[in-house]
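Data first, discussion second: the structure below is written as structure tokens.
Atoms within a ligand are numbered from 1 in the order they appear, just like the ligands themselves.
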Amino acid sequence: MNQQREKFSSRLGFILISAGCAIGLGNVWKFPYVTGKYGGAAFVLIYILFLVLLGIPILVTELSVGRASQRSVAMSMDVLEQKGTKWHYFKYFAMAGNYLLMMFYTTVAGWMLYYFIQMASGGFGGLDQDGVANIFGSMLENPALMAGFMIEVVLIGFGICSRGLQKGVEKITKVMMVLLLLLMVVLAVRSAVLEGGEEGLRFYLTPDFSALKENGILEVLFAALGQAFFTLSIGMGAIAIFGSYIDRSRSLTGEAVFITLLDTSVALMSGLIIFPACFAYGINPGAGPSLIFITLPNVFNAMPGGRLWGSLFFLFMCFAALSTVIAVFQNIISFGTDLTNASRKKVVFINLVAIILLSLPCVLGFNLLSGIQPLGAGSTVLDFEDFIVSNNILPLGSVVYVLFCSMKMGWGWDNFMAEANSGKGLRFPKSIRFYIQWILPLVVLFVFVMGYKSLFFS
Ligand code: PHE
């Protein structure tokens, strides 16, 4: 069956590409601003708890489904489900999620690209804080500029994917990830010793649980759940696809733990870079999606050699974003090739056009369509698309994966365990079946329902 399916060239390739899919704007852009909004260290604790208790097991289920089926989410459940069951309808939900994610992700990746070019060409030179904020503001007002960078991102992403799994995706992402990991360490150290930044470190590292009450604990839990699932890329088959490109030499729990560790360390380091800077420059950490764009250029302006460091930083942010874009594009391309007989070239072309068009509402939501405020005053199309993916598709999709793997009428626990545990490495504990089948889904559903209630009905 499906003998010519491509494979990664090495385990390192698999780990770095999966980490590349996980590490992205979620870590360097969203994590800081969501943490800022929800009160700092106490939020971070809940987020980490969710990663360990919910994220890692879900990651294992997804990778197992991918590896056992050797398919993308577009066909994986068709291959594994019991005859006569309807799990495979999940594909529509999951595929929609991948497209929706790219509908706003490409825009923010475009911001990173724009900032890299501004930094490198000295565009922030000599600007004060208002000047820096103005650059962000005028970018948002300019639909042609934003669309241009968004299109650039889409072209680069599909350009790399069209060269194939090993020669395109694996080769490029590997290099980008190694560089990114190195630079993050250097900058975190640099920012953590910033003068006036101690307050920021305190905000970020010393939990203040009264901050949770301010936003309402249920809303905070809901946000932490969304962020934990978003950052690990779980719930819609974005990670499962990479399970389909590996063999059975390693067990999957160990790989999941490894991916989570890499992902979490990048998120935590982003916080170390950003919060001291916020407090050193008097910027409100609750500023929302603009946070890193109005904070960090100030840091680089005040730093010797700042233009070089700043350019490197935004270049590597582009890498983080691009590695995720490439991963999700690879998944999207495999939907096309798993479901139809169309050639890879044709699938790439159709999706390239489709994703550019689908990304326009997000771009225009900041200017021509700014009257559309789907989540209340001041919200944007981006906030809405992000909410649908992070707070709906990912948690609900994760529940589907978990139930599929643990229920008899799904793929079944024994099949799942055999797949997760084949190969060398950490075993998935047998004893937690009850937790996986009952407690985990109920916790996710509880946080989901209560989160909705507190957001919209209180
Ligand atoms: N994990 C990615 C990030 O942090 C986002 C993502 C979510 C990717 C869901 C795929 C699926 O940027």
Side-chain angles (χ1 to χ4, degrees), residues 16-35 47 50-51 54-56 58-59 62-63 65-66 72-74 93-112 153 157 161 169 173 176-177 180-181 184 223-243 256 259-271 289 292 316-335 355 382 385-398 400-401:
L16 287 178
I17 282 49
S18 306
C21 175
I23 298 171
L25 295 172
N27 308 59
V28 297
W29 163 72
K30 234 182 131 187
F31 173 76
Y33 89 73
V34 179
T35 301
Y47 160 81
F50 282 170
L51 284 180
L54 311 174
I56 294 177
I58 297 168
L59 200 49
E62 254 205 48
L63 288 172
V65 169
S72 73
V73 66
F93 183 79
M95 284 163 42
N98 282 271
Y99 281 95
L100 254 168
L101 176 75
M102 289 296 106
M103 285 168 64
F104 67 92
Y105 212 92
T106 50
T107 297
V108 182
W111 296 352
M112 293 289 181
V153 168
C161 286
V169 179
T173 301
M176 292 199 300
M177 291 320 290
L180 173 71
L181 292 170
M184 291 299 284
L225 185 80
Q227 178 59 22
F229 287 17
F230 186 86
T231 196
L232 288 183
S233 310
I234 46 180
M236 57 189 200
I239 281 283
I241 182 72
F242 300 117
I259 295 167
T260 306
L261 280 177
L262 283 174
D263 183 73
T264 309
S265 43
V266 173
L268 295 180
M269 278 191 281
S270 307
I292 74 165
F316 289 22
M317 293 304 99
C318 293
F319 287 177
L322 265 177
S323 65
T324 305
V325 167
I326 292 169
V328 178
F329 282 181
Q330 171 69 26
N331 196 25
I332 285 178
I333 293 169
S334 65
F335 299 161
I355 289 192
L382 183 150
E385 291 173 348
D386 179 16
F387 177 74
I388 299 293
V389 174
S390 305
N391 295 71
N392 296 274
I393 295 184
L394 302 182
L396 296 178
S398 294
V400 173
Y401 267 107

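- Rounded to the nearest 0.5 Å, atoms CG (L396) and CZ (F229) are 10.0 Å apart.
- Between F104 and W29, the angle of the ring planes lies from 30° to 60°, which puts this pair in the tilted group.
- For the atom pair OG (S398) and CD1 (I393), the distance works out to 11.5 Å, reported to the nearest 0.5 Å.
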Nitrogen or oxygen contacts under 3.5 Å, ligand 1 side and protein side:
residue, atom, partner, partner atom, Å
ligand 1, 1 (N), C21, O, 3.4
ligand 1, 1 (N), A22, O, 2.9
ligand 1, 1 (N), F230, O, 2.7
ligand 1, 1 (N), T231, O, 3.1
ligand 1, 1 (N), S233, OG, 2.8
ligand 1, 4 (O), A22, O, 2.9
ligand 1, 4 (O), G26, N, 3.2
ligand 1, 4 (O), N27, OD1, 3.3
ligand 1, 12 (O), L25, N, 3.0
ligand 1, 12 (O), G26, N, 2.8
ligand 1, 12 (O), Y105, OH, 2.4

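- Evaluation of the side chain to side chain contact (heavy atoms under 4.5 Å, CB included) rule for A238 yields C21, N98, S233, N331 as partners, not counting sequence neighbours.
- For the residue pair K30 / T231, no side-chain donor-acceptor distance below 3.5 Å is found, with atom types taken as modelled.
- Under the 6.0 Å cut-off for aromatic ring centres, F316 and F319 qualify, their centroids lying closer than that.
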